[in-house]
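For reference, the structure discussed in these notes is given below.
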Amino acid sequence: MSDLRIVNFPHPALRWKSKDVNRIDAQLKNWIAQMFDLMYAARGIGLAANQVGLPYRLFVINPSADPAEKELEQVFINPQIIKRNGSEDAEEGCLSLPEIYGPVTRAERITVEAFDLTGENFAYELGGIHARVVQHESDHLDGVMFTDKISADALVELQPLLDDMTAQMERQQQEGQLASNDELLAELRRLQAERTDG
Ligand code: CO
């Protein structure tokens, strides 16, 4: 597989319910390094594997969005949010929905378990932006986007932008710049079979 790129709504990878990866190897580490590069280039604070067309349960974050702050980088492999407390509204965006923002209600504090790049299991109690980005990225792994969670009123406002993105993707597919949905889905199934047990 060649270099990864961030896919935009409504690419079918963004609706894929990803399965746990069954090994951490050089290929996976290479993809994760590419995900950090793509995230920083797009000035994001989190990026999920679904957003680069990989059907695996993993995401990367750096709440500072600053590649110089390497110590704030975190990789979550096969993450599970095991506890949620409180509730908080805040504006969110998404690298797969450029220029689109809306208010999302999330748990204020969470406990998340995952594996890191070395295969060590860890658990964190998180709050603030850290808790929000982990919830947003975890949703991606289930094929859920933040626009699925905003109010009906907010969605009405954003719908024309989403419709434009759908039209743009259809145009790219008609012009042959992007594979058809059938081909994209076949590739997701192939990648899933390669390194999940699902
Ligand atoms: Co996102």
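The model shown is predicted, which means the values in this text are computed figures rather than measured ones. The first residue of the sequence shown is numbered 1, and numbering continues consecutively from there. Just so you know, ligand 1 is whichever comes first in the structure, and atom 1 is the first atom listed for that ligand.
Contact annotation: the side chain of V156 never approaches that of D153 to less than 4.5 Å [non-hydrogen atoms, C-beta and beyond].
For the pair K149 and E92, the salt-bridge criterion is not met [side-chain N within less than 4.0 Å of a carboxylate O].
The closest side-chain donor-acceptor pair between N8 and S96, if any, does not fall under 3.5 angstrom.
Between F76 and F122, the distance from one ring center to the other falls under 6.0 angstrom.
In this structure, Q74 contributes its side chain and N62 its backbone to no donor-acceptor pair below 3.5 Å. Of the possible donor and acceptor atoms, one in the side chain of N78 sits under 3.5 Å from a partner among the backbone N and O of V21.
Protein N/O/S atoms found under 2.8 Å from the Co ion (ligand 1): C94 SG, H136 NE2, H140 NE2.
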